[in-house]
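One structure is given here, and the rest of the page talks about it.
Because the structure is predicted, anything quoted here is derived from the model rather than measured.
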Amino acid sequence: MSREKDMESQQQKEPGPEIPNQRMIEFLRSVPPFDTLGTGELTRLISQMEMSYFPAGQRIKRKGDRPFQHLYIIQKGSARISLIDDEGEDLLVDIRGEGDYFGATSILQAKPAMFDISAHQDLMCLMLPAEDVRQLVNSYPVFERYFSFSLARTIKAVRQTAEFQCPYPIGQSAISLEVFLTGKKVADIMNKDILTCAPYMSVQAAAQMMARRQVSSIVVTGNGLYPLGIMTDNDLRTKVLAAGLSPEVAVAGIMSQPVQTSSPDADAFEALLAMSRHGVRLLVVVEGDHMVGIISERDLQMEAGSSPLQVIGEIKRTTSLDTLTGMRHKIDSVLEMMLRQGGPVKQLVALVTELNDRLTIRTLQLVEREMEHDGFGPPPVPYGWLAFGSEGRREQTLHTDQDNALFFAPKPECEEASCSQWFMQFARRVVAYLVRSGIPECPGGIMASNPQWNQSEDRWLDTFLGWIKDPSPQPLLMASIFFDFRPIYSGTNFPYLLEDQLLKAIRKSGLFMRFLAKNALINRPPLGLLKRFVVEKSGEHKNKFDLKQRGLTPVVDAARVLSLSLGIKTQNTLDRLAEINRIGIIDDDFHADLREAYEFLIYLQISRHLDALAQGEEPDNFLDPASLNGLQRKMMKESFAIVRRLQETIEFRFQTRLVEI
C-alpha cells in the first residue's frame, strides 16, 4: 500500500505534536460552528486533536478510500478537491482554505471518500477524531444543521453562531439577519373577534352595533360565514349621510363588494401589498369557506410602527404634480423604515416596487390632465407604460433608475405621426417629473422619452421579434433588458399578446436561446483561485466588487434564460426559480440553496444602501468584502459557489461552448 493512499491511517499511529491550547482556542472561535462552544468544551476537543502537515501536491485521500477517521480543519494553506471523469481527466471540484474542513460527509454518512483530496498549498490541519465529530452532531443541534451540507440549512444554522449574536456591521441600524429570515404571518396579527351582520339589517342598526363595539367596520355575511360585503365608517359618510339616504335602508344596498381577502398563512407583507394594490384599509381573513379574522391597516401599523399605506393614500389623493414630486422624502423615509425593520426579502423589494409603481401611475394620470390643460387634448388612442429590469421583475431596492417604455394602439398610417407626436410630448413630461420625484434617468437611455422606445404596438412586436432573429451582441443586450417587461399601466391587452408571441418565437429558435445563454455567462461571480474574492485593483472602487453585476445579475440572467426556454411567464427571479424547480430542471436542495443565496445577496445589497444613506452618501452596489466579518464572508463565498453552479447548469443545458459572441 502506498504512503499517499494510507496517509490518514499512518497519522493515526503517530502521536501528534502538542497543540498550544490558547492559540487553538482562538483559532476555533473563528471557525463556525465551533465558535458556539464554551472554553471548556473547546479545551476538551483540542486535547483529542492531532496536528497534521502536508506539503503542496501530496495526496491525502483518493476517491473510494475507506471512510475518514478524522475531520480535517484547515488552519493554514489550502486543499484541492477533485474528481477523475470517465475520460481520465482530473476535474477541479473545489479549493478549500483556512477555516474550511473536509471529511464530514464521509464520517457522518459512513461512506468511502467521494473525491480525491490533495494539498494545493503547504497544508496544516487540525484533525478531530470521527467519534468526537459524531458526538458533537448528536449533542449540539447547530452542528447537526451545519453539517447537513445544504447552503439553505447552513445559512439558517450560522444565525445561531456567536458572530451573529453581535450587531450586523453594515450600517448603524441595519436589518438583523434573524428578522430577514423570518416573517410574521397574517394569523399572528389578525383580530379574530369579527363583527358581522345580515345583509337585510338596516344601516342604522348595523351602525349602532359598530358604535357599541367601537370598531370602524362590520362584515356582511349570508347564511354561512363567508363574507358577502363590508360596511365601513366611510361608507356611512359617503353613501348614506352625504347621499341623504334613509338610515332604514338595508346594509346590502350600500356595502362595499367584493370583499378583499387574505389567507391566514400569508405573510404580513403580502397583506400590506394587497391593501395598497386594492386601495383598502382592511382585509377579511378567510380559510376555506369561512372567515377566521380581519386584519387592518392599523394592525399592521401597530406591528410596524408606521404604514406605507399612508404614503400610498397621499399619492392617490395628490392633485398637483409639484406636490407629487415633493413626496420623495416621505417615500424614501417609509421605505428606509420598512427595510430597516426587516422581513422576507421578496416582500421587501416588492414593497419598494409597489411604491414606485404608485408614484408612476399617479404621474401618468396627472400628466394626462396637464396635457389637456395645455391644449394637446386627451390621449389620441389607448396606450400603456412598461417597466423593465428590476422594476419589471418587482425587485427594486433603494438605488434604482428609470427603465421604461410606452406603447400605443395602432392607427392608420396617416394618423400614426400625430399619435407619435402626442405620446412623445407626454413621455418627455412623465420622465422629467419622475426625475424630479427622485428616480433618475437611465444612463443607457432606455426610457419612453426616447423615440426608439415610444412606438405603436405593431412596431414593438416587430422590434421584439427582430431581436430573436438576430442574436448578435446588441440585440442580445436588448433582450436581456426588455424581456423582463411588466405593464405598470395598460389600456389594451397588448402586453399579454406580446408575451405570447415572444414565447412562441423563442420556441422556434434554439439558436437564439443558445446565444442568450452564452450572454448570460458574461458576468461571473467574483471568486478566484482558492475562493479568494476578485476585487477592483485601482480607481474609485479599489478593493471592492459590484455586488449587483457579479452576484445578482448572474442569477437573474440564468433564471430568465431557463424561464424563456420553458415557456414560464412570470418575471420575478424567485418565482422563476420556483417554477424551474417545479418542472424538475433543478432539484429541491439546489433550489433551496439558490433561493437562500440570492436572498442573502439582496440582503447585503439593501444593507449597503442603508449604510450609505446613514452616512449621507449616494447608495451604490459596490461592496468591500473586508467590511464583513469572517462568517459573513464565508456565507458570501458559499453563495457565489451556488451561483457558479447555476451557470454551469446553463453551460451544459444550452451547450454554450458551441457559439461565440
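Electrostatic pairing of Asp620 and Lys544 does not count as a salt bridge here, judged by no charged N lying under 4.0 Å from a carboxylate O.
Here the shortest heavy-atom pairing between Leu577 and His591 reads O-CD2, 3.6 Å. In this structure, Val280 and Leu283 approach most closely via the heavy-atom pair CG2-CD2, 4.1 Å. Scanning all heavy atoms of the two residues, the minimum distance from Val381 to Ala409 falls at CG2-O, 3.7 Å. Nearest heavy-atom pair across Val186 and Ala271 is CG2-CB, 3.8 Å. Shortest non-hydrogen contact noted between Arg393 and Asp484 is NH1-OD2, 2.9 Å. Considering every non-hydrogen atom in both Ala559 and Ile580, the closest pair reads O-CD1, 4.0 Å.
Two residues are said to be in side-chain contact when any heavy atoms from C-beta on lie closer than 4.5 Å; Leu601 and Phe640 meet this criterion. Side-chain contact check for Leu547 versus Met636: some heavy-atom pair is nearer than 4.5 Å. Contact check for Arg595 versus Asn581: no side-chain heavy atoms found under the 4.5 Å cut-off. A 4.5 Å side-chain heavy-atom check between Phe545 and Val534 finds every atom pair outside the cut-off.
Note: Trp460 and Phe388 have tilted aromatic rings, judged against thresholds of 30 and 60 degrees for the angle between ring planes. Classification of the Trp453-Phe482 ring pair by plane angle, with boundaries at 30° and 60°, yields tilted.
Counting only distance, with no hydrogens or angles, the side chain of Asp624 and the backbone of Ala626 share a donor-acceptor pair below 3.5 Å. At least one donor-acceptor pair closer than 3.5 Å links the side chain of Arg560 to the backbone N or O of Ser480. Trp422 places no side-chain N or O within donor-acceptor distance of the main-chain N or O of Pro379, the cut-off being under 3.5 Å. Side chain of Arg394 to backbone of Ala350: no donor-acceptor contact under 3.5 angstrom is found. Under a 3.5 Å cut-off, the side chain of Trp385 and the backbone N or O of Ala448 do not form any donor-acceptor pair. In this structure, Thr400 contributes its side chain and Thr397 its backbone to no donor-acceptor pair below 3.5 Å. Thr553 places no side-chain N or O within donor-acceptor distance of the main-chain N or O of Arg550, the cut-off being under 3.5 Å. Judged by distance alone, with hydrogens and angles left aside, the side-chain atoms of Gln402 form no donor-acceptor pair with the main-chain N or O of Leu434 at under 3.5 Å. Of the possible polar contacts, none joining the Glu638 side chain to the Ala597 backbone as a donor-acceptor pair under 3.5 Å is found.
When the salt bridge (charged side-chain N to carboxylate O under 4.0 Å, His left out) test is applied to Glu536, no partner is found at least two apart in sequence or on another chain. Residues passing the salt bridge (charged side-chain N to carboxylate O under 4.0 Å, His left out) test with Glu651, sequence neighbours excluded: Arg524. For Ser456, there are no side-chain hydrogen bond (donor to acceptor under 3.5 Å, both in side chains) partners two or more places apart in sequence or in a different chain.
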Name every donor-acceptor pair, under 3.5 Å, that has one atom in a side chain of residues 464-479 and the other anywhere in the protein, sequence neighbours excluded.
unit_1	atom_1	unit_2	atom_2	d
Asp470	OD1	Ser472	OG	3.2
Asp470	OD2	Ser472	OG	3.2

Would you tabulate the side-chain donor-acceptor contacts of residues 652-661 under 3.5 Å, counting partners in other chains and residues two or more places apart, or write 'none'?
unit_1	atom_1	unit_2	atom_2	d
Gln655	OE1	Arg657	NH1	2.6
Gln655	OE1	Arg657	NH2	3.0
Gln655	NE2	Phe652	O	2.6

Scan the side chains in residues 485-499 for donor-acceptor partners under 3.5 Å anywhere in the protein, sequence neighbours excluded, and list what turns up.
unit_1	atom_1	unit_2	atom_2	d
Arg486	NE	Glu391	O	3.3
Arg486	NE	Gly392	O	3.4
Arg486	NH1	Asp357	OD2	2.9
Arg486	NH2	Asp357	OD1	3.2
Arg486	NH2	Asp357	OD2	3.1
Arg486	NH2	Glu391	O	2.8
Ser490	OG	Thr492	N	3.4
Ser490	OG	Thr492	O	2.4
Thr492	OG1	Glu457	OE2	2.8
Thr492	OG1	Phe494	N	3.1
Glu499	OE2	Gln571	NE2	3.4

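At most 12 heavy atoms of other shown residues, nucleotides or ligands fall within 6.0 angstrom of atom CD in Glu540.
For the atom pair Glu596 CD and Ser639 OG, the distance stands at 9.0 Å (nearest 0.5 Å). Of the inter-residue distances, the one linking Ile586 atom CD1 with Thr649 atom OG1 reads 8.0 Å to the nearest 0.5 angstrom. A distance of 13.0 Å separates CZ of Arg358 from OG1 of Thr318, quoted to the nearest 0.5 Å. Taken to the nearest 0.5 Å, the SG atom of Cys442 stands 7.0 Å off from the CD1 atom of Ile481. From Ile315, atom CD1 reaches atom CD1 of Ile361 across 10.0 Å, with rounding to the nearest 0.5 Å. Taking CG of Leu521 as the reference point, atom CG of Leu646 lies at 9.5 Å (rounded to 0.5 Å).
Checked options Arg608, Lys548, Gln605; the residue passing with Asn621 is Gln605 (criterion: side chain to side chain donor-acceptor pair (under 3.5 Å)).
For the residue pair Arg369 / Gln365, no side-chain donor-acceptor distance below 3.5 Å is found, with atom types taken as modelled. Side chain to side chain, Thr570 and Glu579 fail the donor-acceptor criterion of an N or O pair below 3.5 Å.
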